[in-house]
Amino acid sequence: MAKNSNLSQAKSAKNDEFYTQYADIQNEINAYIDYNPDVFRGKTILLPCDDPEWSNFTKFFAQNFERFGLKKLISTSYAVESKAVKSGYMPSLFETQSPDFDEIKTRIKGKIFTLDSDTNGNGRIDVEDLQWKYLDRDGDFRSKEVTALLIEADIIITNPPFSLFREFLQWIIGEEKKFLIIGNVNSVTYKEVFPLIKNNRMWIGSTMTGTGQHWFRIPEWYNNGLIKVVDGQRCATIGGACWFTNIEHGRRHQPLQLMTMAENIKFSKHKEIRGIGYKHYDNYDAIEVPFTDAIPSDYDGAMGVPISFLDKYCPEQFEILGISQNEQSMMALYKSGFPKYDRPYIDGQRMYSRILIRKK
């Protein structure tokens, strides 16, 4: 599984101040638009946990309001006093220059931004037409007023607090909403998350898929891990970051082009496979496939593949059977008599986490 010190530190310290870059949002949303140009048409989009003055989510959807044919855009933010780190906070000019600005409320109340009409009379609906006010409470997504917005919305899109990812996901799943959110790819191992993946109620997005480096804008006070300046802004990298969604995109329906088992044994670029073949687990009735591109196209039994397989998972090509952290999902493949089944074992050696799949 991918490791990342920035993400681990953020979760343990409840530091959730990582802001998604505009280009990353644009690249991902374009994949859904390309697949279905009307995916957002007539829809109300809610961007909770968003800090609208600073968030690129709000800017992106406000600037593309008419292009996407949106019905309404709603963004909400947390009050500064509700955050783990409060030092260095300065309200934006957008807020302070408004007649509604309140020095006390700005620290203890969340804010809501809405966009649904041409308020300045220039003939178009865009970022200049955003209206805002203070919320009654601190903007926590679990509050009654933000939950009421969830019920109103059709689609939820945001980079939720890392420390509350599981709870946030349950919040939106409970209302059966369409969503696109950012989390860590390792969260697929959570008992609250894996069943959604297995049952095709949630899948990996199109562009940020848990591999490679992705840079998120950070506050001036943040100094942990690898940091660099991107487009004049301080950014930190978060390994394992990926999009999770239940909105269709074409990439997830593209089957993998694979070699047969015999071809892999003869030609595979991986020394673990070439000339050796595939090993069977001690404790599961399945073979070990350490690389996604080494999945044999003609094997009908269960196969253990890395979590990174989800980036290439095509539901028409494969069935997901279980995951090694979820004992209940793996019991049908368990070989009785072996003392451990927390993860796959080969020759008594504990392996990395694996997703168990079978060819359809």
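Here, residue 1 is the first one in the sequence, and each next residue gets the next number.
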Point to revise | Sequence-distant partners of Tyr278, ring pair (Phe, Tyr, Trp, His ring centres under 6.0 Å), two or more places apart | key: none
**Study point:** For Phe101 against Glu103, the heavy-atom pair lying closest together
**Key:** CE2-CG, 3.6 Å
Exercise for review: Answer whether the closest heavy-atom distance between the side chains of Glu175 and Ile151 falls below 4.5 Å.
Suggested key: yes
Check your understanding: Within the distance-only criterion (no hydrogens, no angle test), does the side chain of Asn64 pair as donor or acceptor with the backbone N or O of Arg67 below 3.5 angstrom?
Key -> no
Exercise for review: Determine whether Tyr190 and Trp203 fall in the same hydrophobic cluster, where Ile, Leu, Val, Met, Phe, Trp and Tyr are linked whenever their side-chain heavy atoms lie under 4.5 Å apart.
Suggested key: no
Exercise for review: For the pair Phe68 and Phe60, evaluate ring pair (Phe, Tyr, Trp, His ring centres under 6.0 Å) and give the outcome as yes or no after the intermediate values.
Suggested key: CA-CA 11 Å; Phe68 295 161; Phe60 176 79; 5.8 Å; yes
**Study point:** Validation row: Leu47, Leu73 side chains within 4.5 angstrom (heavy atoms)
**Key:** yes
Check your understanding: So, are Glu66 and Arg124 salt-bridged, with charged N and O less than 4.0 Å apart?
Key -> no
Review point. Hey, is the main chain of Phe179 close enough, under 3.5 Å, to the side chain of Thr245 for a donor-acceptor pair?
Key: yes
Practice item. Could you tell me which non-hydrogen atom of Lys71 sits nearest to which non-hydrogen atom of Phe65, and how far apart they are? Key: O-CZ, 3.6 Å
Check your understanding: Under 3.5 Å, side chain of Thr58 to main-chain N/O of Ser55, donor-acceptor pair present?
Key -> no
Check your understanding: Can you tell if the side chain of Gln21 reaches within under 4.5 Å of the side chain of Arg217, non-hydrogen atoms only?
Key -> no
Exercise for review: Spell out, as yes or no, whether a donor-acceptor pair under 3.5 Å connects the side chain of Thr189 to the backbone of Asn186.
Suggested key: yes
Check your understanding: With ring centroids as reference points, do Phe165 and Phe244 lie under 6.0 angstrom apart?
Key -> yes
Review point. Any idea how Phe113 and Trp132 line up, ring-wise: parallel (<30°), tilted (30 to 60°), or perpendicular (>60°)?
Key: parallel
Point to revise | Common cluster, Ile307/Leu256, ILVMFWY with side-chain heavy-atom separation under 4.5 Å | key: yes
Practice item. Linking directly or through intermediates, with side-chain heavy atoms under 4.5 Å: list the remaining ILVMFWY members grouped with Ile108, chain and number order. Key: Ile104
Check your understanding: If you look only at pairs with a residue in residues 247-268, which of them pass as a salt bridge (Lys or Arg N to Asp or Glu O under 4.0 Å), with sequence neighbours excluded?
Key -> Glu248-Arg252, Arg251-Asp311
Check your understanding: Looking at residues at least two apart in the chain, or sitting in another chain, which of them share a salt bridge (charged side-chain N to carboxylate O under 4.0 Å, His left out) with Arg137?
Key -> none
Revision key, fill the gap. Looking only at heavy atoms, the pair that brings Ile125 and Asp116 closest together is CD1-O, 4.1 Å
Review point. Going from CD1 on Ile265 to CD1 on Ile276, what distance comes out if it is rounded to the nearest 0.5 angstrom?
Key: 10.0 Å
Practice item. To the nearest 0.5 Å, tell me how far Leu130 CG sits from Ile112 CD1. Key: 11.5 Å
Revision key, fill the gap. All heavy atoms of Asn246 vs all of Lys177, minimum pair found to be ND2-O, 3.0 Å
Review point. Sequence neighbours excluded, which residues qualify as salt bridge (charged side-chain N to carboxylate O under 4.0 Å, His left out) partners of Glu176?
Key: Arg201
**Study point:** Closest approach of Pro160 to Ile181 (non-hydrogen atoms, all atoms of both residues)
**Key:** CD-CB, 4.0 Å
Check your understanding: Apart from Met259 itself, what residues make up its hydrophobic cluster, given side-chain heavy atom links below 4.5 Å?
Key -> Phe267
Review point. Is it true that Phe309 and Tyr313 have ring centroids separated by less than 6.0 Å?
Key: yes
Point to revise | Backbone N/O of Ser268 and side chain of Arg274: donor-acceptor pair under 3.5 Å | key: yes
Point to revise | Spacing of Glu28 atom CD and Ile157 atom CD1 [to the nearest 0.5 Å] | key: 9.5 Å
**Study point:** Under the side chain to side chain contact (heavy atoms under 4.5 Å, CB included) test, residues paired with Asn27 that sit two or more places apart
**Key:** Thr207
Review point. Does a side-chain heavy-atom distance below 4.5 Å link Trp215 with Lys228?
Key: yes
Check your understanding: Just by distance, do the side chain of Asp129 and the backbone of Asp126 share a donor-acceptor pair under 3.5 Å?
Key -> yes
Review point. Any donor and acceptor pair, going by atom type alone, linking the side chain of Ser77 with main-chain N or O of Lys111 inside 3.5 Å?
Key: yes
**Study point:** Identified ring pair (Phe, Tyr, Trp, His ring centres under 6.0 Å) partner of His249 from the options Tyr32, Tyr35, Trp243
**Key:** Tyr32
**Study point:** Value rounded to 0.5 Å, distance of CG in Asn200 from CD in Glu319
**Key:** 10.0 Å
Review point. How long is the span from the CD atom in Glu128 to the CG atom in Asp118, to the nearest 0.5 Å?
Key: 11.0 Å
Review point. Would you find a donor on one side and an acceptor on the other, under 3.5 Å apart, between the side chain of Asn283 and the backbone of Lys335?
Key: no
Check your understanding: Is the backbone N or O of Thr260 less than 3.5 Å from a side-chain atom of Asn264, with the two atoms forming a donor-acceptor pair by type?
Key -> yes
Check your understanding: Can you tell me if Thr20 and Asn159 form a side-chain donor-acceptor pair at under 3.5 Å?
Key -> yes
Point to revise | Side chain proximity check, Met208 to Asp24, heavy atoms < 4.5 angstrom | key: yes
Exercise for review: Apply side chain to side chain contact (heavy atoms under 4.5 Å, CB included) to Cys49 and list each qualifying residue two or more places apart in sequence or on a separate chain.
Suggested key: Tyr78, Phe141, Thr158, Pro161, Phe168
Practice item. Determine, step by step, whether Met202 and Leu169 satisfy the side-chain contact (heavy atoms from CB on, under 4.5 Å) criterion, reporting the C-alpha distance in whole Å, the side-chain angles of both residues, the deciding distance to 0.1 Å, and the verdict. Key: CA-CA 10 Å; Met202 181 175 80; Leu169 182 60; 3.9 Å; yes
Only pairs under 3.5 Å count here: list side-chain donor-acceptor contacts from residues 285-292, not counting sequence neighbours, and write none if there are none.
from: Glu288; atom 1: OE1; to: Tyr281; atom 2: OH; distance (Å): 2.4
from: Glu288; atom 1: OE1; to: Arg354; atom 2: NE; distance (Å): 3.1
from: Glu288; atom 1: OE2; to: Arg354; atom 2: NE; distance (Å): 3.3
from: Glu288; atom 1: OE2; to: Arg354; atom 2: NH2; distance (Å): 2.8

**Study point:** Partner set under side chain to side chain contact (heavy atoms under 4.5 Å, CB included) for Gln170, not counting sequence neighbours
**Key:** Glu192
Exercise for review: Let me see the working for Leu180 and Ile155 under side-chain contact (heavy atoms from CB on, under 4.5 Å), right down to the final yes or no.
Suggested key: CA-CA 8 Å; Leu180 175 63; Ile155 303 173; 5.8 Å; no
Check your understanding: Atom CZ of Arg234 and atom CZ of Phe216: how far apart are they, to the nearest 0.5 Å?
Key -> 16.0 Å
Point to revise | Polar side-chain atom of Ser187 near backbone of Asn184 as donor-acceptor pair, under 3.5 Å | key: yes
Point to revise | Exercise: identify the closest heavy-atom pair between Gly139 and Val146 | key: O-CG2, 4.0 Å
Review point. By salt bridge (charged side-chain N to carboxylate O under 4.0 Å, His left out), which residues pair with Glu272, not counting sequence neighbours?
Key: none
Check your understanding: For Arg358, what residues pass the salt bridge (charged side-chain N to carboxylate O under 4.0 Å, His left out) criterion, not counting sequence neighbours?
Key -> none
Exercise for review: May I ask you to say whether Asp136 pairs ionically with Lys109, meaning some side-chain N is under 4.0 Å from a carboxylate O?
Suggested key: no
